[in-house]
Number of protein chains: 2
Amino acid sequence: MLETFVRIAERGTISAAARDLGLSQASASRQLSDLEQRLGVDLITRTTHALSLTKAGETCLTEARLLLADWDGFAEQFADEAESLSGPLKIVAPIALGQTIALDCAVAFQNAHPGIVLDWILEDRPIRFSETGCDLWIRIGDVPDDTLIVQPLSTVERLIVAAPGLLPEDAQAEPERLVDQPCLALSPFEGGRIPLSAQDGTVRDVAAKVSFSSNDIFAVKRAALSGAGYAVLPRWLIAQELEEGSLIDLLPDWRAPSLTINAAYAPSRRQTRRLRLFLKAMSDALKG
Amino acid sequence: MLETFVRIAERGTISAAARDLGLSQASASRQLSDLEQRLGVDLITRTTHALSLTKAGETCLTEARLLLADWDGFAEQFADEAESLSGPLKIVAPIALGQTIALDCAVAFQNAHPGIVLDWILEDRPIRFSETGCDLWIRIGDVPDDTLIVQPLSTVERLIVAAPGLLPEDAQAEPERLVDQPCLALSPFEGGRIPLSAQDGTVRDVAAKVSFSSNDIFAVKRAALSGAGYAVLPRWLIAQELEEGSLIDLLPDWRAPSLTINAAYAPSRRQTRRLRLFLKAMSDALKG
DNA sequence: TTACAGATATACGTTTAACGTATGAGCAGA
DNA sequence: TCTGCTCATACGTTAAACGTATATCTGTAA
């Protein structure tokens with residue numbers, strides 16, 4: 001009943017929700033009516049071709065999701081630990097991360113637990129998490145939603161790199177060597193300055209001469225590989241290139257501020273075991 | 001289903017729970033079996049004449065109560081504000097408080113909302129709240145259960161009083177005048193000293209010569225009224241006697257440490273409206 | 001020891017609630 | 001206008017839940 005309502009709200013149509021749940025359209029429609037009557041409020045205003053949540057429907061949706069998650073967690077806590085995991089797991093991740101190491105981890109998790117059905121959504125922009133029906137939101141940097149529980153998974157080391165030849169390799173290199181070089185920036189890049197810090201805590205600001213910027217980090221990486229300039233890139237993205245030597249660490253003693261990879265989820269009283277274990281797996285993978 | 005399980009656990013027999021819920025004994029028994037099968041765990045070990053919760057049953061009970069409370073709160077939040085309150089409200093209160101002003105407040109609340117069914121339990125000793133099935137626990141002083149949400153309702157001013165004649169009334173009286181007088185103590189009374197503080201913050205410890213002690217505050221009050229000595233009593237207990245003059249404030253400038261009246265309840269995501277309003281009424285009554 | 005009162009679990013027929021199919025009406029896009 | 005999709009309602013069917021009846025067990029009192 002609650003599940004049907006949530007599904008209807010997510011899919012935007014009663015018919016689609018009914019198909020999802022293996023119900024007839026008539027049943028889904030009736031369940032929604034019943035719920036509305038039981039609560040004494042209209043939840044969804046229906047025209048024949050478009051549904052929209054009422055004000056009460058909005059709050060009902062978020063509350064219902066929490067309630068369902070609580071119930072899932074409740075039922076699951078008694079399940080035998082040895083029992084295999086199963087069930088849906090819908091996750092939003094940053095695009096670049098979700099195409100590479102996070103994806104590897106997720107796929108490995110799915111292989112280890114064949115009963116799990118992963119829905120892997122890539123999206124860099126902030127989302128209204130509660131409206132997405134997702135179980136987990138992986139995000140680099142702050143999570144702009146204080147209704148969620150945020151758990152840091154790992155930190156991202158960011159290096160100044162370029163293709164060999166742009167500058168000679170130099171273990172003692174100082175930040176000032178960057179000022180005349182073209183910078184390949186990941187937009188939005190604000191302020192035009194790159195704050196760098198050394199291992200001993202010294203801090204230095206370097207002006208960046210941006211010659212290329214993109215909102216796609218793979219494009220920035222490719223530009224760097226082609227020798228177009230230097231870029232600030234996370235280690236996980238360029239680990240292989242560093243090893244191969246196709247990119248080199250221009251300032252081995254200096255690092256751009258590290259970012260935090262956070263995991264955010266709805267504050268249900270007891271999270272499902274599959275989410276708990278997925279979080280653990282992801283945390284281990286990102287730290288290792 | 002969950003409700004049936006909780007009721008069975010509370011009543012200790014399936015038959016009684018079935019009667020409470022208006023079900024046949026067979027249905028209640030089957031619902032319990034179904035729940036156990038669904039969770040895959042034995043919740044209650046049954047012999048023909050006695051039930052006892054298993055380990056899993058214990059945790060299931062507390063979780064189920066929270067889940068049910070959440071559901072109640074969920075369903076209720078859409079109810080029309082104008083609708084009258086109804087439903088059960090089971091409350092544990094300290095004996096003396098629950099026989100006097102708190103009782104007055106509770107009865108007034110019940111009169112204002114005839115649909116409410118109050119179950120008013122008086123108990124001074126710490127309880128295992130989650131095992132009682134209560135909605136609210138009113139307690140003077142600390143609440144020894146950190147799984148609960150604690151909300152201070154009011155503070156209790158405590159005066160040094162005695163019947164007239166024990167000592168002459170004296171607006172400038174100093175604590176030292178007590179040392180030779182018999183003290184009527186509420187047990188447990190530990191340390192043998194009464195810490196007093198003046199309005200200006202001055203603190204003074206007075207040794208108490210205990211000649212009488214009781215675990216019943218009404219007995220202490222009565223002993224004081226009979227002139228047996230002085231006592232430390234809360235203002236709400238003796239407001240009328242002070243007005244009549246049958247007890248007098250021996251140290252008008254000094255007070256024993258005040259206590260806090262706390263309200264504690266289970267951390268459900270959304271408390272029921274009746275509990276919320278009762279708390280407000282009780283808070284107003286105790287502060288006024 | 002025996003009888004009884006009160007407890008639980010199961011079997012079986014019945015009632016009730018939920019479901020699916022079918023149908024009519026409404027709206028969008030071709 | 002026509003087609004394809006939507007939602008709501010009516011109706012017959014299916015499945016779940018319920019109650020009655022029954023067998024069994026146990027603690028208590030005769």
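Since the model is a prediction, treat every value here as computed from it, not as a measurement.
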Looking across every strand, which nucleic acid part, if any, lies under 4.0 Å from [X] by heavy atom: base, sugar-phosphate, or nothing?
X       : result
A/Arg19 : sugar-phosphate
A/Gly12 : nothing
B/Ser24 : base

Distance in angstrom units between [X] [atom1] and [N] [atom2], rounded:
X       : N      : atom1 : atom2 : result
B/Leu21 : D/dC18 : CG    : C1'   : 14 Å
B/Leu23 : D/dT20 : CG    : C1'   : 14 Å
A/Leu51 : D/dC7  : CG    : C1'   : 8 Å

Do the side-chain N and O atoms of B/Thr45 and B/Thr54 include a donor-acceptor pair separated by under 3.5 angstrom?
no
Could you check which residues of residues 32-41 of chain B get a heavy atom under 4.0 Å from DNA chain D? Sort them by number, please.
none
One thing to verify: whether B/Arg125 and B/Glu123 come together as a salt bridge, which I'm taking to mean a side-chain N less than 4.0 angstrom from a carboxylate O.
yes
Ion pair present between B/Glu76 and B/Arg274, side-chain N to carboxylate O less than 4.0 angstrom?
yes
Side chains of A/Leu2 and A/Leu35, heavy atoms from C-beta outward: is any pair under 4.5 Å?
yes
Would you call B/Leu61 and B/Phe5 a side-chain contact if the rule is heavy atoms closer than 4.5 Å?
yes
Anything under 4.0 Å to a heavy atom of chain B counts; send over the first and last such nucleotide of DNA chain C, read 5' to 3'.
C/dG6 to C/dT10
Does CG belonging to B/Asp142 count more than 12 external heavy atoms closer than 6.0 Å?
no
May I ask you to check whether over 12 heavy atoms, not counting those of A/Gln25, lie within 6.0 Å of atom CD?
yes
Does any donor-acceptor pair link the side chain of A/Gln25 with the base of D/dA8 at a separation under 3.5 Å?
yes
Once the angle between the rings of B/Phe278 and B/Phe109 is folded into 0 to 90°, is it parallel (under 30°), tilted (30 to 60°) or perpendicular (over 60°)?
perpendicular
